[in-house]
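Because only heavy atoms are used, hydrogens play no part in the values below, and waters and symmetry mates are left out as well, while side chains stay in. In this chain, residues are counted from 1 in sequence order.
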Amino acid sequence: SPDIFFYCFSLYTYRAYRSIGYCFQRKRYTIHSVYPCSVYHTPCGIWHRIMVGMHNTGISLKNAFMKHLLITGIGGYIGSNLAAFLSTLYKIRGIGYATRFSELRTLLPSSVHLIEGDITDEATMSNAAKGVDVIIHTAGHTSERFCSQYPKEAQRSIVKGSLIAAKVAQTEGTLFIYLSSFAVYSSYQKRSLPLYETDALLPDSAYGKLKAQAEKEIAPYSPLTLRL
């Protein structure tokens, strides 16, 4: 079936990319999310975890090829690399501030549609999400220093932006995938490893607290959440 085929395809590419060392960032995490092993923080590894999460939660993978995906924060590390990795399989739109768009246009295929906009503006997000099948939400400030020094702006970006994206996904009938962070478990406090999704969230950094708050706010919208 298409479900089994695409699951096996994602597993194969995940293993292949690991075996040849295709890593944009060679840091290994031990946070356990939808796949019960530690994975490399690569676009292929992340996409594999999304596929397994969809499989485990009963979300159908049928007709998965050439679907429309909207990636928020496409100018960021994860967003831009996911767009590059997935652009051969899906029709990609990306929304974000245009600070990196000139660079992205040289790195990404011309088929990737870039939209300049603020994800905390609901009308902008609604227009960007028209006709897409999946929203992958990677946008939001990730700097601990920024979150500590500018808490209101960080909350607007991380919490409000996530909530608006989740609401838009529900309105459009779109699958919403939220990329959270291992920082929701803790950043400084020592925890027993490995960590699982059922473990208590004990964020002890400004960034981790905001990501945990965002998870709580969007929970009623039934997102597929990955903690990276």
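- Taking both residues in full, the closest heavy atoms of Ser126 and Val168 are given as OG-CG2, 3.7 Å, listed atom of the first, atom of the second, then distance.
- Taking 4.5 Å as the limit, every side-chain heavy atom of Leu226 sits out of range of all side-chain heavy atoms of Ser180.
- Note on residues 119-176: pairs passing ring-ring contact (aromatic ring centres under 6.0 Å, His included), not counting sequence neighbours, are His137-Phe176, His137-Tyr178, His141-Phe146, Phe146-Tyr150.
- From Leu108, atom CG reaches atom CZ of Phe85 across 14.0 Å, with rounding to the nearest 0.5 Å.
- Side-chain contact check for Glu144 and Ser148: at least one donor-acceptor pair (N or O, by modelled atom type) lies under 3.5 Å.
- Residues Tyr97 and Glu116 are not in side-chain contact: their nearest non-hydrogen atoms beyond the backbone lie 4.5 Å or more apart.
- Within the 4.5 Å cutoff, side-chain heavy atoms of Leu69 are placed close to those of Ile136.
- For the side chain to side chain contact (heavy atoms under 4.5 Å, CB included) with Val184, the qualifying choice from Gln213, Lys211, Lys209 is Lys211, the only one to do so.
- Judged purely by distance below 3.5 Å, without hydrogens or angles, the side chains of Thr120 and Arg156 pair a donor atom with an acceptor atom.
- A salt bridge between Lys130 and Glu172 is present, with a side-chain N of the basic residue lying under 4.0 Å from a carboxylate O of the acidic one.
- One distance of note links CD of Glu215 with CZ of Arg227; it measures 4.0 Å at 0.5 Å rounding.
- The side-chain heavy atoms of Ile95 and Ile74, taken from C-beta on, include no pair separated by under 4.5 Å.
- Of all heavy-atom pairs between Gly79 and Thr138, the closest is CA-OG1, 3.8 Å.
- Here the side chains of Ile218 and Lys167 are not in contact, with every heavy-atom distance at 4.5 Å or above.
- Ile158 approaches Cys147 most closely through the heavy-atom pair CD1-SG, 4.0 Å.
- Using a 4.5 Å heavy-atom threshold, the side chains of Lys67 and Val134 count as separate.
- Counting heavy atoms from C-beta on, the side chains of Ile92 and Ile71 come closer than 4.5 Å.
- Asp118 is not listed as a side-chain neighbour of Thr124, based on a closest heavy-atom distance of 4.5 Å or more.
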